[in-house]
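Report on one structure; see the data block that follows.
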Amino acid sequence: QVQLVESGGGSVQAGGSLRLSCVASGDSYKSGCMGWFRQVSGKEEEGVAGIDSVGTASYADSVKGRFTISKDDAKNILYLQMDNLYAEDTAMYYCAADDRGGLACTYYQTEVFRYRGQGTRVTVSS
């Protein structure tokens with residue numbers, strides 16, 4: 001069983017930055033995938049970034065060049081550095097992880113990862 005707890009959300013003006021953190025419990029996810037997805041109320045979930053066990057990352061086109069996913073396996077923390085934020089980035093952001101084999105750990109699979117956190121809200125004002 002993997003538990004995920006996000007933090008770091010908040011309110012920021014357009015052009016600003018935030019860093020989201022996700023503390024993970026358990027070890028099984030370390031050989032699998034981790035990532036972030038977001039959801040605007042009333043809309044579908046959207047994969048944002050994914051990372052595999054060796055650190056290979058992928059990003060949605062909408063955030064490429066602005067967001068950076070990284071992880072510290074020693075501290076069991078997943079990060080999402082978000083720079084040059086747009087109003088359209090406003091959403092609830094969720095950390096996700098999967099310990100099953102066979103996934104490519106890409107950003108567009110994050111919504112179907114086996115485990116997810118409770119989310120942290122990001123609000124960007126224009």
Side-chain angles (χ1 to χ4, degrees):
Q1 188 74 15
V2 176
Q3 292 185 327
L4 305 168
V5 179
E6 304 96 333
S7 63
S11 297
V12 64
Q13 289 192 329
S17 298
L18 284 172
R19 187 175 79 160
L20 306 184
S21 299
C22 171
V23 178
S25 65
D27 292 323
S28 61
Y29 71 93
K30 292 182 180 179
S31 61
C33 308
M34 298 194 80
W36 295 90
F37 65 93
R38 64 189 180 186
Q39 187 173 30
V40 176
S41 181
K43 296 189 176 182
E44 292 185 355
E45 295 171 345
E46 176 192 17
V48 173
I51 189 167
D52 66 13
S53 61
V54 296
T56 303
S58 66
Y59 300 92
D61 286 344
S62 58
V63 307
K64 197 173 294 183
R66 301 188 297 121
F67 289 12
T68 303
I69 188 171
S70 62
K71 62 190 182 112
D72 186 332
D73 285 340
K75 296 181 179 179
N76 291 353
I77 302 178
L78 178 74
Y79 300 102
L80 185 68
Q81 177 67 41
M82 306 186 296
D83 297 317
N84 190 22
L85 283 159
Y86 303 156
E88 304 88 89
D89 296 316
T90 295
M92 184 72 83
Y93 284 73
Y94 297 88
C95 172
D98 201 291
D99 54 5
R100 298 170 293 182
L103 292 179
C105 304
T106 51
Y107 71 90
Y108 52 83
Q109 293 179 303
T110 53
E111 308 100 287
V112 299
F113 285 179
R114 187 176 186 181
Y115 306 103
R116 56 175 58 183
Q118 294 300 308
T120 185
R121 183 168 297 280
V122 172
T123 302
V124 184
S125 57
S126 57

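The basis for the numbers below is simple: all heavy atoms, side chains too, and nothing from hydrogens, waters or symmetry mates. Starting from 1, each residue takes its place in the sequence as its number.
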Same cluster (ILVMFWY, side-chain, under 4.5 Å), Phe113 and Leu20: no

Ion pair Arg116/Glu45, N-O distance below 4.0 Å: yes

Main-chain N/O of Val124 paired with Thr90 side-chain donor or acceptor, under 3.5 Å: yes

Under 3.5 Å: donor-acceptor pair, side chain of Gln109, backbone of Ala104: yes

In one Ile/Leu/Val/Met/Phe/Trp/Tyr side-chain cluster, 4.5 Å: Tyr107, Met34: no

Gap separating the CG atom of Asp52 from the SG atom of Cys33, nearest 0.5 angstrom: 7.0 Å

Gly9 backbone acceptor or donor facing Thr120 side chain under 3.5 Å: yes

Separation of Gln3 CD from Asn76 CG (nearest 0.5 Å): 12.5 Å

Whether Phe67 and Tyr93 hold their rings parallel, tilted or perpendicular, with breakpoints at 30° and 60°: tilted

Nearest-0.5 Å distance that lies between atom NZ in Lys71 and atom OH in Tyr29: 7.5 Å

Connected via hydrophobic side-chain network under 4.5 Å: Leu4 and Leu80: yes

Any donor-acceptor pair under 3.5 Å from Tyr59 side chain to Ile69 backbone: yes

Side-chain (Ser70) to main-chain (Tyr79) donor-acceptor, under 3.5 angstrom: no

Tyr86 six-ring centre to Arg66 NZ/CZ under 6.0 Å and within 45° of normal: yes

Expected output: side-chain Gln39 to main-chain Lys43 donor-acceptor under 3.5 Å: yes

Co-membership, hydrophobic cluster, residues Tyr94 and Val2, 4.5 Å side-chain: no

Heavy atoms from other residues, nucleotides or ligands near CZ of Arg121 exceed 12 (cutoff 6.0 Å): no

Gap separating the CD atom of Gln81 from the OG atom of Ser17, nearest 0.5 angstrom: 5.5 Å

Separation of Asp72 CG from Ile77 CD1 (nearest 0.5 Å): 6.5 Å

Heavy-atom donor-acceptor pair, Glu6 side chain to Cys95 backbone, under 3.5 Å: yes

Salt-bridge present (Lys30, Asp99; N to O < 4.0 Å): no

Flag, side chain of Asn84 to backbone of Gly15, donor-acceptor distance under 3.5 Å: no

